[in-house]
Amino acid sequence: MVREIRKEELAQLLELYTHLHESGVPDDSEHLRRTWEQIMNDENHHVIVYEDKGRIVSSCICVIIPNLTRNIRPYAFIENVVTHSDYRGRGYASACLDRAREIAVSEDCYKMMLLTGSKSESTLDFYRKAGYNSSDKTAFIQWL
């Protein structure tokens, strides 16, 4: 079942992120709790999850960004697409991305953007099959 995360599921999400690129779950801290509260209270920040038998096994973030161009239409930014390694290949991440698209359409976004650090052809093909392309824009990253 694909849905938005519930506030009390932070620990499950953080554990899932160890299958993304994190080396471990961050320590419980005031900073972590404040950040989670900020995300949960932001109507433009959507944490989409796929739940299988009570366990969060896939997720993506969809942030709706207000915009003054394109007839004052917002755009969506997709980040942290991840599926638990034991659950890959079952369509769960695709379902999360589909839900993100539904949100973006309902918010009248004119585009969705997604960045990936992966160079794996299978990962890039996955995003192409989900409707994304890498030919319209060039992304630049400056790490801080």
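On a predicted model such as this, the values are computed, not experimentally measured, just so you know. Side-chain atoms are counted along with the backbone in the values below, which use heavy atoms only and exclude waters and symmetry mates.
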Is any side-chain heavy atom of [Y] closer than 4.5 Å to one of [X]?
X	Y	result
Ile5	Met40	yes
Trp36	Leu14	no
Leu16	Thr83	no
Asp42	Val63	no
Glu51	Arg6	yes
Val81	Leu97	yes
Val25	Tyr17	no
Ile103	Glu4	yes

Greater than 12 external heavy atoms within 6.0 Å of Glu43's CD: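 Open.
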CD/Glu8: more than 12 non-hydrogen atoms of other groups inside 6.0 Å: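 Correct, the count exceeds 12.
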Step-by-step side chain to side chain contact (heavy atoms under 4.5 Å, CB included) determination, Asn44 to Phe77: CA-CA 10 Å; Asn44 289 321; Phe77 187 77; over 6 Å; no
Sequence-distant partners of Asp28, salt bridge (Lys or Arg N to Asp or Glu O under 4.0 Å), two or more places apart: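 With neighbours one apart ignored, the set is Arg33.
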Aromatic plane relationship, His84 with His19 - under 30° parallel, 30 to 60° tilted, over 60° perpendicular: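 Answer is tilted, since the angle falls between 30° and 60°.
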Plane angle bin for Tyr50 and Tyr92 - parallel if under 30°, tilted between 30 and 60°, otherwise perpendicular: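 Parallel: the ring planes of Tyr92 and Tyr50 meet at under 30°.
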Residue pairs involving residues 119-131 (criterion salt bridge (charged side-chain N to carboxylate O under 4.0 Å, His left out); sequence neighbours excluded):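 Passing the test, one end in residues 119-131: Glu121-Arg128, Asp125-Arg128.
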Residue pairs fulfilling salt bridge (charged side-chain N to carboxylate O under 4.0 Å, His left out) with at least one residue in residues 64-81, sequence neighbours excluded: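 Matches after skipping sequence neighbours: Arg73-Asp108.
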Closest heavy-atom contact between [X] and [Y]?
X	Y	answer
Ala100	Ile78	CB-CD1, 3.7 Å
Cys96	Val49	SG-C, 3.8 Å
Ala76	Cys109	N-SG, 3.9 Å
Ile64	Pro74	CG2-CB, 3.8 Å

Determine, using the 4.5 Å side-chain heavy-atom cutoff (strictly less than), whether [X] and [Y] are members of one ILVMFWY cluster.
X	Y	answer
Tyr87	Met1	no
Val57	Val82	no
Phe140	Tyr75	no
Tyr132	Leu115	no
Tyr110	Leu114	no

Test side-chain hydrogen bond (donor to acceptor under 3.5 Å, both in side chains) applied to Arg90 - qualifying residues, sequence neighbours left out: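 Arg90 satisfies side-chain hydrogen bond (donor to acceptor under 3.5 Å, both in side chains) with no other residue.
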Gap separating the CD1 atom of Ile56 from the CD1 atom of Ile48, nearest 0.5 angstrom: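 Separation between the atoms: 12.5 Å.
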Rounded distance (nearest 0.5 Å) linking atom CD1 of Ile65 with atom NZ of Lys111: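 If we round to the nearest 0.5 Å, Ile65:CD1 and Lys111:NZ are 9.0 Å apart.
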Audit row: Leu144, Gln142, side chain to side chain contact (heavy atoms under 4.5 Å, CB included) steps and yes/no: CA-CA 6 Å; Leu144 304 176; Gln142 183 179 58; 4.1 Å; yes
Asp27 and Ser29: side chain donor to acceptor below 3.5 Å: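 Result is no, nothing qualifies.
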Distance-only polar pair, side chains of Ser118 and Thr116, donor-acceptor under 3.5 Å: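 Note: Ser118 and Thr116 side chains miss the donor-acceptor criterion.
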Sequence-distant partners of Arg101, side-chain contact (heavy atoms from CB on, under 4.5 Å), two or more places apart: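 If we apply the side-chain contact (heavy atoms from CB on, under 4.5 Å) test to Arg101, skipping adjacent residues, the hits are Val105, Met112.
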Pairing residues for Phe126 by the ring-ring contact (aromatic ring centres under 6.0 Å, His included) criterion, not counting sequence neighbours: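 Checked Phe126 against ring-ring contact (aromatic ring centres under 6.0 Å, His included); zero matches.
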Worked verdict on Asn80 versus Leu20 for side chain to side chain contact (heavy atoms under 4.5 Å, CB included): CA-CA 7 Å; Asn80 296 337; Leu20 183 61; 3.8 Å; yes
Ion pair Glu9/Arg55, N-O distance below 4.0 Å: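 No, this pair does not count.
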Short N-O contact, Glu37 and Lys7, less than 4.0 angstrom: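 Salt bridge: yes.
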Stepwise side chain to side chain contact (heavy atoms under 4.5 Å, CB included) test for Ser59 and Val47: CA-CA 7 Å; Ser59 180; Val47 181; 4.1 Å; yes
